[in-house]
Amino acid sequence: MPRRSLGKTRRIVVKVGTGTLTDGAGRFDRKNCERLSAELAGLAATHGLVLVSSGAIALGADRLGLVRSPRKSWDMATKQAAAAVGQPDLMAEWGRALGAHGRIVAQVLLTADDLASRKRFLNARHTFESLLEHGVVPVVNENDTVAVDEIKVGDNDSLAALVATCVGADLVALLTDVEGLYDRDPCHPAARLVADVHKVTSEVERMAGGAGSASSVGGMVTKVAAAKRLAAQGVGTALLSGRRAGALGALLAGDPVGTFFRPGAERRAGRREWLSLAARGKGTILVDAGARKALADQGKSLLPSGVKGVEGSFGVGDPVDIAVAGEPPFARGLAGYGADEVRRIAGLKSSEIERALGYKYLDEVVHRNDMVLTDPGSEATR
Ligand code: GLU
């Protein structure tokens, strides 16, 4: 996908770094937040927009008077405490700034652990879908209170990449305090901005200060790593200055701004690939011929009304096969309900789920977006 195709972007994750939201003295830069919010609100009107915002630690540190001591000297618990203080301030600022343009914001706090579990991944995905349907701008940050060691994403560039996978975004824009990726240390007088990266090679990684370089250039390493991972999933990544007015609009218009990392694959592989190739169904949901037709030929979701029976045991988010009794499975998907729940709602209308279970997660037993057709004979295999 070249830059000129960016106008076709439907869903975008914008990551805003601490440098974009704070001034040189480490104080919140309300002016820049407000300027950016006007652009983001415009984007939210035409695209599915998810924000990943850093800044909680910086805002909390400011409130706690920590800014006078160097950040490097703070231990983990101090940073977590600062994040806990700063996170509500950060949300209040986004709420105010985007609210001025009629946008409601929602706070979403995640850890790597949350997105590694299929069940929680799916729950997060459904929440994001519902927020976007309501025109809300989700504002994501790492749940710093609990995120230490092995469950930590660690940096919001990687978090933005995970969120993009979760929401099925086709573009990620990382806003930072430089104009993009430079071919050498940006302070060097001969440094030149790299406009387009076709593939993240070791040469590109070296420019970012990765392998082979003694000094890492301003957090570029994590950005290039995120872009590389996203490219492999068919998602483009742009690196832009968080202070350049109109940068996001220019990017979507295909204009030369920042650095654009082209997606490597023609289509999004990621989860669908995972479903069709790697995952083994933990059980089978048996459906009637009508449901088979709706799923295989009409691209519909599986509703409880089409379910005839359940084999095996699986939990919410587990991969399940979908079959007509006595035939091989024709589809595989992530279960929206556990096996016992599906048994109890089999044959019911979606409007009856709540009465049968006492609660309802979703109308669908398996949502279309979480499903692949596995029968090669089917027209609609995709
Ligand atoms: N979660 C951190 C914060 O909000 C930021 C992590 C990052 O910027 O990569 O302050």
Quick one, D196 with R3, criterion salt bridge (charged side-chain N to carboxylate O under 4.0 Å, His left out). Give me CA distance, side-chain angles, the key distance, then yes/no. CA-CA 8 Å; D196 285 272; R3 267 183 196 257; 3.3 Å; yes
Are L132 and L159 linked, directly or through intermediate hydrophobic residues, by side-chain heavy-atom contacts shorter than 4.5 Å (ILVMFWY only)? yes
Ion pair check, D177 and R243, cut-off under 4.0 Å: no
Examine V320 and L286 and state if one hydrophobic cluster contains both, with Ile, Leu, Val, Met, Phe, Trp and Tyr joined whenever side-chain heavy atoms are less than 4.5 Å apart. no
So for atom NZ, which belongs to K308, do other residues, nucleotides or ligands contribute more than 12 heavy atoms lying within a distance under 6.0 Å? no
Do S130 and H134 have side chains that approach each other closer than 4.5 Å (heavy atoms only, starting at C-beta)? yes
In terms of relative ring orientation, are Y361 and Y337 parallel, tilted or perpendicular, with 30° and 60° separating the classes? parallel
Run V324 and V287 through side chain to side chain contact (heavy atoms under 4.5 Å, CB included) and show every step you take. CA-CA 5 Å; V324 170; V287 302; 4.2 Å; yes
Where D157 and A226 come nearest, the two heavy atoms and their spacing: O-CB, 3.7 Å
Quick check against the 3.5 Å criterion: does N32 have a side-chain atom that pairs as donor or acceptor with the backbone of T20? yes
Atom of T145, atom of A84 and distance for their closest heavy-atom approach: OG1-CB, 4.3 Å
With side chains defined as the heavy atoms from C-beta onward, is the minimum distance between E364 and L303 less than 4.5 Å? yes
Does the side chain to side chain contact (heavy atoms under 4.5 Å, CB included) test come out yes or no for L175 and L36, once each step is laid out? CA-CA 10 Å; L175 303 190; L36 192 57; 3.8 Å; yes
K300 with D297: basic N within carboxylate O range, under 4.0 Å: no
Considering the options L49, V137, L51, which one meets the side chain to side chain contact (heavy atoms under 4.5 Å, CB included) requirement together with L43? L49
Side chain proximity check, S350 to P304, heavy atoms < 4.5 angstrom: yes
Any sub-3.5 Å donor-acceptor pair from H367's side-chain atoms to N369's backbone N or O? yes
Considering all heavy atoms, the nearest L302-A291 contact: CD1-CB, 4.1 Å
So, applying side chain to side chain contact (heavy atoms under 4.5 Å, CB included) with L109, which one of M91, Q87, E142 is it? Q87
Between E34 and A97 (side chain of the first, backbone of the second, donor and acceptor by atom type, cut-off under 3.5 Å), is there such a pair? no
Given 3.5 Å as the limit, does a donor-acceptor pair link the side chain of R11 with the main chain of V167, or not? yes
Non-hydrogen side-chain atoms of W94 and L21 separated by less than 4.5 Å: yes
Is there side-chain contact between M220 and M207, with at least one heavy-atom pair below 4.5 Å? no
All heavy atoms of T237 vs all of L171, minimum pair found to be N-CD1, 4.3 Å
Is E203 paired with R206 through a side-chain N to carboxylate O contact shorter than 4.0 Å? yes
Stepwise, does the side chain to side chain contact (heavy atoms under 4.5 Å, CB included) test hold for D75 with T78? CA-CA 5 Å; D75 62 13; T78 304; 2.4 Å; yes
Non-hydrogen side-chain atoms of V108 and V163 separated by less than 4.5 Å: no
Nearest heavy-atom pair of A58 and T22: which atoms, and what distance? CB-CG2, 3.8 Å
So, N123 and R120: side-chain donor and acceptor under 3.5 Å apart, yes or no? no
Heavy atoms of H101 and A41 approach each other most closely as CB-CB, 3.4 Å
Taking D144 for the side chain and Q80 for the main chain, is one N or O donor matched with an acceptor at less than 3.5 Å? no
Answer yes or no: is there an ion pair linking E93 with R96, defined by an N-O contact shorter than 4.0 Å? yes
Quick check against the 3.5 Å criterion: does T259 have a side-chain atom that pairs as donor or acceptor with the backbone of V194? yes
Is it true that R125 and E129 make a salt bridge, defined as a side-chain N closer than 4.0 Å to a carboxylate O? no
Side chain E179, main chain S241, donor-acceptor under 3.5 Å: no
How about CG on L64, more than 12 heavy atoms from neighbouring residues, nucleotides or ligands closer than 6.0 Å, or not? yes
Is the shortest side-chain N to carboxylate O distance from R192 to D183 below 4.0 Å? no
Can you check whether I345 reaches V307 side chain to side chain, under 4.5 Å on heavy atoms? no
Answer yes or no: is there a side-chain heavy-atom contact under 4.5 Å between V139 and N141? no
